[in-house]
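Inspection log for the structure reproduced underneath, given as structure tokens.
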Amino acid sequence: MKSLPSSLTAASLAAVFALGLTGCKSGGGDTIKVGEYASLTGKEATYGAAMHEGTMLAIEEVNAAGGVLGKQIELIVEDDQSKAGEPANAVNKLISKDGVVAVLGEFASSRSLEGGPICQENKIPMISPGSTNPAVTQVGDYIFRVCFTDPFQGAALANFANGTLKAKKVAILTDVKSDYSKGLAKYFKEKYLAGGGELAAELDFNGGDKDFKAQLTTIKNSSPDAIFIPGYYNDVALICIQAKQLGIDVPLFGGDGWESHMLLEIGKDAVEGHYFSTHCLTDQDTPKMKSFVEAYTKRYNKAPDAMSTLGYDSAMVLIDAMKRAGTTESAALRDAIAATKDYEGVSGTFSLDENRDAVKPLVFAQIKNGKFVYSATVNP
Amino acid sequence: MEFLQQFINGLSLGSVYALIALGYTMVYGVLRFINFAHSDILMLGAFAAFYLSPIVEKFCGPQSPVGAILVVILAAAICAIIGTLIEFFAYRPLRGRPKLTVLITAIGVSLFIEFTCQHGKVFGSNPRPFPKLLNDTQFHFGKLAIGSNDVIVLLVTAMLLVGIWFLVQKTRVGTALRAVSYNQQAAALMGVPVNRIISFTFAVGSALAAIAGILYSMKFPAIEPLMGVQPGLRAFIAAVVGGIGNIPGAVLGGLIIGLLETFAGGIPGLSNYRDAIAFGILILILFFKPAGLLGRSTVEKV
Amino acid sequence: MLKFGAKRWLFIGIALAIAASFLSPNFNRYYLGVGIDVGIAIILAVSLNLINGHTGQFSLGHAGFMAVGGYFAAWISLKLGESAEVFFPLSLLAGGLFAALIGLFVGIPSLRLRGDYLAIVTLGFGEIIRVVAQNTEAIGAASGLKGIPKLTNLGWTFGLAALTIYIITALVNSTYGRGFLAVHDDEIAAESSGINTTRYKVVAFVTGSFFAGIAGGLYAHHKQFLAPTGFDWLKSVEIVVMVILGGMGRTAGVVAAAILLTLLPEFLREVSEYRMILYALLIIFLMILRPEGLFAFKLKRRQTS
Amino acid sequence: MSEPLLELKDVTIRFGGLTAVSALDLTIHSNELIGLIGPNGAGKTTAFNMITGVYRPTSGQITFAGKNTLGIKPSRLAGLGVARTFQNIRLFGSLTVLDNIRVATQLHNPTGYFGSLWRGKNWKTGEAKLEKQALELLEIFDLAKFRDELATSLPYGAQRRLEIVRALATHPKLLLLDEPAAGMNPAEKDELIRLIRFVKDRYQLSVLLVEHDMKVVMGICERIAVLEYGRKIAEGTPKEIQCHPKVIEAYLGAAAV
């Protein structure tokens, strides 16, 4: 046996040594470096891109207004391809190679859970725009989020089913591929059953499936009063269409994953009359929202989603904390973020609680005449 | 009643799989390789129809059958050209190389199409609403629901099955095609224009993919660059289950996968394993019939 | 003539790896992380090379075995809690053994099939493993398994990479191991020469799965989080591409390809929106231009010694 | 006569509708050299494949050294003492000449999986022994000079010889040669005849030879069986076969009779 393989091992080790020693942290400078990791390509690019556009808009606005602490902000964006294993490298690169002072991202909880521990270990604050799994911020005291969590939304939806819809029997159709869907289904179920509701049927699908008639046929035959679908709009739109085809006429409802103009475009008349809860509606009559929608539409030539408002808010909360802390030093910055109180964001006014989760209201909307119509607000 | 409804659901899903599987099996039958990019041609077919239909609508009016047929024919032609180009640039230089090389290239082509189309300057990653080519009327018989689109899918699959079977078995081109499939070198020596026959196979296979893509999108009207991956994989499995290279086998396999997936999908506690069901069936069948249900096992010559 | 001093190199490799891990606290974490990724990729590619390259059995399910080993090792570590660090090597071993066991169950029936059929069945098993992981609450199901202690370091990774390379090379460079190549070249002739081809294939498959499991364990304790979606069939394709680019059956080439293909996406970060397009193009062009592998030079093939 | 080494009784095999070999009876004793001839497609190679376990007969019985071999894998049959060569040479193309032989020699003296990992003393002596055996064989057949060449890079005649050597390396009791003279010139054929005789005498084994070249067959076989359309139409000494009317008919067509 030649020594070739072993010498290769040695060579690759040497390469690692060399790389390790040349890597340097670039601090200071005349810009403040902020990192963002997002699913810009791959399976879930459609959500990742929406969030990223919001974040970018925020940073551009801040820079146009003269920056923060007398410096411009440099947003360094890393794509994680919607792929497990990638966020770790992306976040490591942002922190160790680029030397960012804070990290924004991810929308998917599973990827925030991969990036989170690295931020925590390096004591770099991370703000997730849209990861609703409670475990995300449990990673450590440097991890925050600007959205509500699954338990809160699940409970609100359960109350909605029991109260507003007065549904005695609800069927649940869960996306088993998505931790978001499973989490929401779980918390909904707990609260709904406790509230006296009854489950008609529980079925699953895999996110990205196109055919749901099998599940819907079973659900139809369990004669529920309403159907709960914690899923994302691209699946939900098709589910609504097929439910209508099968002659299901009870209301369908779900969570913030529904909120997108694409739900209306794809679902058309099949989504009429259904309900969902979300962070905010982009036609809400608040000055912040109005100026956001205007700026967003001007910048990207299309209407924003709630996902974009969360991306925007995550960046703005960070900027706000920088201003209050007067520094970008990590511990001070962390404390400032943690102290965020009654912050007026686009997606609503919120504070960060002791679990570093946003405490903010949730709104219910119904789809009427091809539009999202505000129906109620639930305060935490 | 529930059983009957599920049977209809499964039949309708299965016939789409069957249609996609037909294309896989045709290419495999001739070239003995898995054209991974088939599922992406399907997607391109759907997008072609997406962009063509507003134009055609101007001339034929909304949801007219003539317009729909025109869109399908144009999209099929576009995809046939794309398919032939892919064969010419990516697969032809590999003629005679080990199967693995070709398989990996096919995966490369598939990834290339997907990632390129996902790019913001091409189609982007957002799902788009697929235009209504035909009015999808729902018929309700008591509790039973059948859509006109489902009937159309079933009819088109049956027609294309017969058409392809006729093409392969009864025409001159079909004879040449079978000759190439049996032995490329011998066919070439007999004066069969092998390259042209292979291009033709790709053209027909891609046109089939485009038609399948359009019918699939009529059933599930949200299209995006990765839409082909999942039905493509299922249809490929269907082709193998039926006996890859065997035309009726592809249809049989498609219907089996569609039906079993649907029945399993309707059972609480089993629906979460739906992704694995097609593979489960595949593995089971291959263990008992290593060449698929209708495929003939060949004895290796020693 | 087989050279008998091969073991010496193994020890040197391991010693270097351990030395590296003592120095690693000074390393930039990003490079350190990528370095560990490289080591894990080497283990995966070299072990798959035994199955796909040396033995010629086309498997598209390597990521599945990586998942089995990763989840099992991580699950043990989480159960052990505080003492996980002490038992880390044993957890890795257990992950590898469990993956090998699953490899045995998958291999015995599948390896009767050939070529495309084997590829699609192994792909199927890989996907089934993923779907099972996705539905098993004990390992986090779709939410993923989180809070895995960070125990993987350069030492373990490259020590085990050196061990993998050693084992696969030592195996192939022995009279026993020449049987793998014989099976690859001609199954019927191998059978008539007294080589039990089924057993050889299963042995290759189980050995490969074992190391995939080890790599999975390292991966789990490196990323500290496992999600079922990370082990889909595209992950298997990635490993296969490494093997093919390296030149099927050439360990040194496969190692080089594993290093290259792990580093490449990092270098392409600047053009991240075109990264995957370039990756796909690379596969196509290399297959057309250098089908024998990127690192295959005109050496006399597989000369002993 | 002693107990037969190989016995085929009423062996039939069908592929789909085609009966390739039909009701074949054949007996081979120790240290016998038997020829199996017949026109193309008569089923000679198929008979080989059944004897070596590659195909399983549809019906009938095959015993080797008193053991029923139906359903036994070729590799185990090789262990029992059945070795063969192939009509279209099947060497291990990515292995050197020496390694082609070495993989076969390990059949009776395996050095094993873990041995090759640990590389201890026993393994080293075992490997050295195998190599010595393999080299000796190569010496005898004048192939040692090619030891480090790739097997497929050898001249044609040497490849044929190498295949025979590989078969011998498994210490067979019965050696099946499938058209060893195919593609050889007259000088090489003479050489081959000498080689087969030498092998048979030196290793004390039985040889079953399929060959088209009548000079070779008639020159060395002690007994010859003739197949036509899967049936045995004649069996006897070379002399008997040469003037057997059915054989002449089979080879030259009915007109010649």
Side-chain angles (χ1 to χ4, degrees), chain B residues 28 32-34 36 86 89-94 97-122 229 233 236-237 239-241 244 269 272-287 290-292 295 300-302, chain C residues 52-53 56 58 60 106 109-110 112-132 134-135 141-142 186-189 191-192 232-234 237 240-241 243-245 248 273-293:
Chain B
Y28 190 92
R32 311 262 146 217
F33 100 92
I34 305 165
F36 260 87
I86 291 175
F89 285 110
Y91 302 151
R92 188 163 298 179
L94 297 171
R97 295 263 184 82
K99 266 186 178 180
L100 272 187
T101 316
V102 192
L103 185 75
I104 294 296
T105 313
I107 292 176
V109 170
S110 164
L111 293 179
F112 175 71
I113 299 177
E114 283 164 20
F115 290 123
T116 309
C117 292
Q118 270 208 324
H119 194 271
K121 293 194 182 83
V122 187
V229 176
L233 203 55
F236 171 65
I237 294 170
V240 178
V241 163
I244 191 150
N272 50 341
Y273 281 94
R274 198 172 158 172
D275 253 12
I277 281 165
F279 283 112
I281 299 165
L282 169 85
I283 290 166
L284 259 175
I285 286 182
L286 284 190
F287 287 162
E300 191 177 349
K301 248 180 115 61
V302 181
Chain C
N52 281 20
F58 193 40
L60 261 178
V106 171
S110 320
R112 293 186 312 149
L113 303 163
R114 282 183 200 170
D116 299 340
Y117 287 96
L118 178 63
I120 197 75
V121 163
T122 46
L123 189 160
F125 270 116
E127 286 290 284
I128 288 175
I129 290 171
R130 179 183 66 74
V131 173
V132 168
Q134 195 174 289
N135 285 300
D186 193 325
E187 279 187 36
I188 293 197
E191 272 285 334
S192 341
D232 61 0
W233 68 279
L234 279 174
V237 168
V240 169
V241 169
V243 171
I244 292 186
L245 276 192
M248 307 266 281
E273 52 180 331
Y274 298 103
R275 178 154 63 148
M276 293 314 287
I277 303 177
L278 289 173
Y279 177 76
L281 276 178
L282 182 84
I283 297 178
I284 301 170
F285 279 113
L286 285 173
M287 284 299 109
I288 294 174
L289 302 175
R290 287 209 70 111
E292 69 282 5

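All values below come from the heavy atoms of this structure, side chains included, with hydrogens, waters and symmetry mates left out. Below, read A as the first sequence line, B as the second, and so on, with proteins coming before strands; counting in each chain starts at 1.
- Only the backbone of R32(B) comes within contact range of chain C, with at least one heavy atom under 4.5 Å from a heavy atom of that chain.
- The side chain to side chain donor-acceptor pair (under 3.5 Å) analysis of residues 274-287 of chain C, with sequence neighbours excluded, yields no pairs.
- Between chain C and the residues V240(B), D275(B), I113(B), the most heavy-atom pairs under 4.5 angstrom are made by D275(B).
- N135(C) places a side-chain N or O within 3.5 Å of a backbone atom of N272(B) that can act as its donor or acceptor partner.
- In this structure, Y273(B) and I128(C) have side chains that are not in contact, with every pair of non-hydrogen atoms separated by 4.5 Å or more.
- For a residue to count as touching a neighbouring chain, one of its non-hydrogen atoms must lie under 4.5 Å from one of that chain's; by this rule I288(C) touches chain B with backbone and side chain alike.
- Taking CD1 from I284(C) and CG from L94(B), the interatomic distance works out to 10.0 Å, rounded to the nearest 0.5 Å.
- By number of non-hydrogen pairs under 4.5 angstrom with chain B, the leading residue of L286(C), I277(C), L282(C) is I277(C).
- For chain B, the nearby parts of V121(C) are the backbone and the side chain; heavy atoms of each come within less than 4.5 Å.
- Residue L113(C) touches chain B through its side chain alone, counting heavy-atom pairs closer than 4.5 Å.
- For the atom pair I107(B) CD1 and L60(C) CG, the distance stands at 5.5 Å (nearest 0.5 Å).
- Using a 4.5 Å cut-off between heavy atoms, E273(C) touches chain B through backbone and side chain atoms alike.
- With ring centers used as reference points, W233(C) lies 6.0 Å or more from F236(B).
- For the set I237(B), V102(B), V109(B), L233(B), the entry with the most heavy-atom pairs within less than 4.5 Å of chain C is V109(B).
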